[in-house]
Asks: 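Take this structure first; my questions come after.
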Amino acid sequence: MPLVGATLGLGYARPWPDDGHAGSWARLGAALADAAAGHDLIATDLWFGDLLGHAGAQPVPPDALTAGRTYLRRVDALLAGLLDAGARVVISSDHGNLEDLGVKGHTRARVPFAGSGVNLGSPANVVEAGRVLAGWFGLP
């Protein structure tokens, strides 16, 4: 199983140095898709956006904005690699945070609950979305 680091190659603290492997995220997504073929579920916890969101302030710190944009480009590449390789994918979050770097805490922004290759139904909130996922595995 390929290892997916939560920071996607950025450092854990300011100035969030880059490991220089920016071009490898789509390949990692394809490798995850290949590994997922033999499993019912693979979960990847990409919490680094939350850490960056908590670095927010007014005015928005330029280094946090740069790291956030870099991170989101890498998440996008990882997802593209997964989808291009035919993986079924669900993305979600437990709260907003990175979308407004002028706020240091969690926001009230709607969180994503989206998928490709899966039936998510039409949940109205994150609790109902959790019930959809639990139902896939026969959980109450």
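Any value given below was found using the heavy atoms of this structure, including those in side chains, with hydrogens, waters and symmetry copies removed.
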Asks: To the nearest 0.5 angstrom, please state how far the CG atom of L52 sits from the CH2 atom of W47.
Replies: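 So the gap between those two atoms works out to 9.0 Å.
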Asks: Looking at W16 and A67, what are the two nearest heavy atoms and their distance?
Replies: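 It is CE3-CB, 3.7 Å.
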Asks: In terms of hydrophobic clusters joined by side-chain contacts under 4.5 Å, are F113 and L41 together?
Replies: yes
Asks: If you compare all heavy atoms of A6 against all heavy atoms of D45, which two are closest, and at what distance to 0.1 Å?
Replies: CB-O, 3.7 Å
Asks: Using 30° and 60° as the class boundaries, would you call the ring planes of H106 and H54 parallel, tilted or perpendicular?
Replies: tilted
Asks: Output the distance between atom CG (D76) and atom CG (L72), rounded to the nearest 0.5 Å.
Replies: 8.5 Å
Asks: Please walk me through it: do H95 and N97 pass side chain to side chain contact (heavy atoms under 4.5 Å, CB included)?
Replies: CA-CA 7 Å; H95 56 74; N97 187 250; 3.9 Å; yes
Asks: Is the number of heavy atoms from other residues, nucleotides or ligands under 6.0 Å of R88 CZ greater than 12?
Replies: no
Asks: Is V103 linked to V60 within one hydrophobic cluster, defined over Ile, Leu, Val, Met, Phe, Trp and Tyr using a side-chain heavy-atom separation of less than 4.5 Å?
Replies: no
Asks: Checking the side chain of D63 only, and the main-chain atoms of R14 only, is there a donor and an acceptor separated by less than 3.5 Å?
Replies: no
Asks: Atom CZ of F137 and atom CG of D40: how far apart are they, to the nearest 0.5 Å?
Replies: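 F137 CZ to D40 CG: 6.0 Å, rounded to 0.5 Å.
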Asks: Specify the closest pair of heavy atoms between A87 and A33, including all atoms of both residues, with the distance to one decimal.
Replies: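 Heavy atoms of A87 and A33 come nearest at CB-CB, 3.6 Å.
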Asks: Has S92 got a side-chain atom pairing as donor or acceptor with P112's backbone, closer than 3.5 angstrom?
Replies: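 Present.
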Asks: Group every Ile, Leu, Val, Met, Phe, Trp and Tyr by side-chain heavy-atom contacts under 4.5 Å, then state whether L32 and V90 land in the same group.
Replies: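 No, separate clusters.
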Asks: Same hydrophobic cluster for V118 and L83, using side-chain heavy-atom links shorter than 4.5 Å among ILVMFWY?
Replies: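 No, because V118 and L83 fall into different hydrophobic clusters, even though each may have its own neighbours under 4.5 Å.
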Asks: For G121 and P123, work out which heavy atoms get closest and say how close.
Replies: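 What the structure gives for the nearest pair is C-CD, 3.5 Å.
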Asks: Can you tell me how far the CG atom of L79 sits from the CH2 atom of W25, to the nearest 0.5 Å?
Replies: 13.0 Å
Asks: Mind running side chain to side chain contact (heavy atoms under 4.5 Å, CB included) on L46 and L78 for me, showing each step along the way?
Replies: CA-CA 11 Å; L46 299 176; L78 182 72; 4.1 Å; yes
Asks: Ignoring hydrogens and angles, tell me if any N or O in the side chain of E128 forms a donor-acceptor pair with the backbone of V126 under 3.5 Å.
Replies: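 Checking the backbone N and O of V126 against the side chain of E128, no donor-acceptor pair under 3.5 Å is found.
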Asks: Specify the closest pair of heavy atoms between P61 and A55, including all atoms of both residues, with the distance to one decimal.
Replies: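 What the structure gives for the nearest pair is CG-O, 3.5 Å.
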Asks: How long is the gap from CG on L98 to CG on D50, to the nearest 0.5 Å?
Replies: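 It is 9.0 Å, given to the nearest 0.5 Å.
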Asks: Is V111 linked to V89 within one hydrophobic cluster, defined over Ile, Leu, Val, Met, Phe, Trp and Tyr using a side-chain heavy-atom separation of less than 4.5 Å?
Replies: no
Asks: Please give me the minimum heavy-atom distance between V132 and N119, naming the atom from each residue.
Replies: CG1-O, 4.3 Å
Asks: Between OG1 of T66 and CZ of R69, what distance do you get to the nearest 0.5 Å?
Replies: 7.0 Å
Asks: Going by an N to O cut-off under 4.0 Å, is there a salt bridge joining D18 and R74?
Replies: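 Salt bridge: yes.
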